[in-house]
Amino acid sequence: GHSDKRGALGGHELLCPKRPYSCDYCGEYESTCEDVTERHWKECSQYIIECPNLCKKRYLARATLQNHLANECELQIVACNFSWAGCKVQVQRSKLEEHEDTSI
């Protein structure tokens, strides 16, 4: 009777894409599981993404990616600090010091 249907409903509630769900990353956005995982995660600032350079840090929050690439990522290609003087070399950040030591 009814107890069989309730048991089946319990399983449905755990898997239903329309069930209430909060973002696992920012903890602020609440909607349906389907909305959070298919739409919100594509823009969530705290969603964990992979560094496009696959550096040692590897995984970081989306909000920190630009700073990571601009200032931290050892594998990011950067211009020589002496580009103002005409050096056109671009190297990975981890090799910049070596370039400057051997080229100046």
Side-chain angles (χ1 to χ4, degrees):
H2 293 319
S3 63
D4 292 339
K5 290 180 183 174
R6 265 190 219 159
L9 183 60
H12 173 78
E13 288 174 344
L14 294 173
L15 301 173
C16 180
K18 302 293 186 193
R19 71 186 180 279
Y21 200 77
S22 297
C23 178
D24 298 320
Y25 299 96
C26 69
E28 297 172 7
Y29 190 83
E30 295 182 2
S31 186
T32 63
C33 180
E34 180 178 60
D35 179 53
V36 171
T37 59
E38 293 182 13
R39 191 191 64 73
H40 172 70
W41 281 357
K42 291 178 182 171
E43 61 191 37
C44 178
S45 65
Q46 298 306 306
Y47 186 81
I48 303 301
I49 59 173
E50 197 169 44
C51 173
N53 297 324
L54 305 178
C55 70
K56 287 190 293 187
K57 189 161 187 178
R58 190 89 188 235
Y59 300 103
L60 54 155
R62 180 178 281 123
T64 65
L65 179 63
Q66 291 304 329
N67 181 64
H68 170 72
L69 293 175
N71 302 303
E72 301 169 353
C73 182
E74 294 179 1
L75 300 181
Q76 181 69 13
I77 301 296
V78 295
C80 174
N81 288 322
F82 294 95
S83 60
W84 60 268
C87 182
K88 303 215 182 308
V89 170
Q90 293 191 337
V91 296
Q92 289 180 333
R93 182 174 279 114
S94 62
K95 297 177 181 171
L96 185 59
E97 189 175 331
E98 178 185 337
H99 158 71
E100 291 174 354
D101 288 349
T102 59
S103 301
I104 296 175

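Since the model is a prediction, treat every value here as computed from it, not as a measurement.
Using a 4.5 Å cut-off on side-chain heavy atoms (C-beta onward), Glu28 and Cys23 make no contact. Under the 4.5 Å side-chain criterion, counting only non-hydrogen atoms from C-beta, Glu38 is not in contact with Pro17.
Side-chain atoms of Thr64 and His68 form no donor-acceptor pair, as typed in the model, at a separation below 3.5 Å.
Heavy atoms only, all atoms of each residue included: Tyr21 and Thr32 are closest at CB-C, 3.8 Å.
When the shell of 6.0 Å around CD of Glu97 is examined, it contains 12 or fewer heavy atoms from other residues, nucleotides or ligands.
Trp41 and Leu65 fall within the same hydrophobic cluster, where Ile, Leu, Val, Met, Phe, Trp and Tyr residues are linked whenever their side-chain heavy atoms come under 4.5 Å apart, directly or through other members. Note on Tyr47: it clusters hydrophobically with Tyr29, by side-chain heavy-atom contacts below 4.5 Å among ILVMFWY residues. Put simply, Leu69 and Leu60 are part of the same group of oily side chains (I, L, V, M, F, W, Y) that touch within less than 4.5 Å, one to the next. Hydrophobic clustering (side-chain heavy atoms under 4.5 Å, transitive across Ile, Leu, Val, Met, Phe, Trp, Tyr) groups Leu96 together with Val89. A single hydrophobic cluster is not seen to contain both Leu54 and Tyr59; linkage of ILVMFWY side chains at heavy-atom distances under 4.5 Å, directly or through other members, places them apart.
Looking at Arg62, its side chain does come within 3.5 Å of a backbone N or O of Cys44 through a donor-acceptor pair. A distance-only check finds a donor-acceptor pair linking the side chain of Thr102 to the backbone of His99 [under 3.5 Å]. Side-chain N or O atoms of Arg93 include none that pairs as donor or acceptor with a backbone N or O of Gln76 at under 3.5 Å.
Expressed to the nearest 0.5 Å, how far NZ of Lys42 lies from OG1 of Thr37 amounts to 9.5 Å. Atom NZ of Lys57 and atom CG of Leu75 lie 13.5 Å apart (nearest 0.5 Å). To the nearest 0.5 Å, atoms CD (Gln90) and NZ (Lys88) are separated by 10.5 Å. Summarising the geometry, atom CG belonging to Asn67 is positioned 5.0 Å from atom CD belonging to Glu72; distances are rounded to the nearest 0.5 Å. Distance check, rounded to the nearest 0.5 Å: SG of Cys73 to CD of Gln92 gives 8.0 Å. Ile48 CD1 to Asp24 CG: the interatomic distance, rounded to the nearest 0.5 Å, is 11.0 Å.
Looking at Glu43 and Arg39, a side-chain N of the basic residue comes within less than 4.0 Å of a carboxylate O on the acidic one, giving a salt bridge.
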Steps toward side chain to side chain contact (heavy atoms under 4.5 Å, CB included) verdict (Cys87, Ser103): CA-CA 9 Å; Cys87 182; Ser103 301; over 6 Å; no
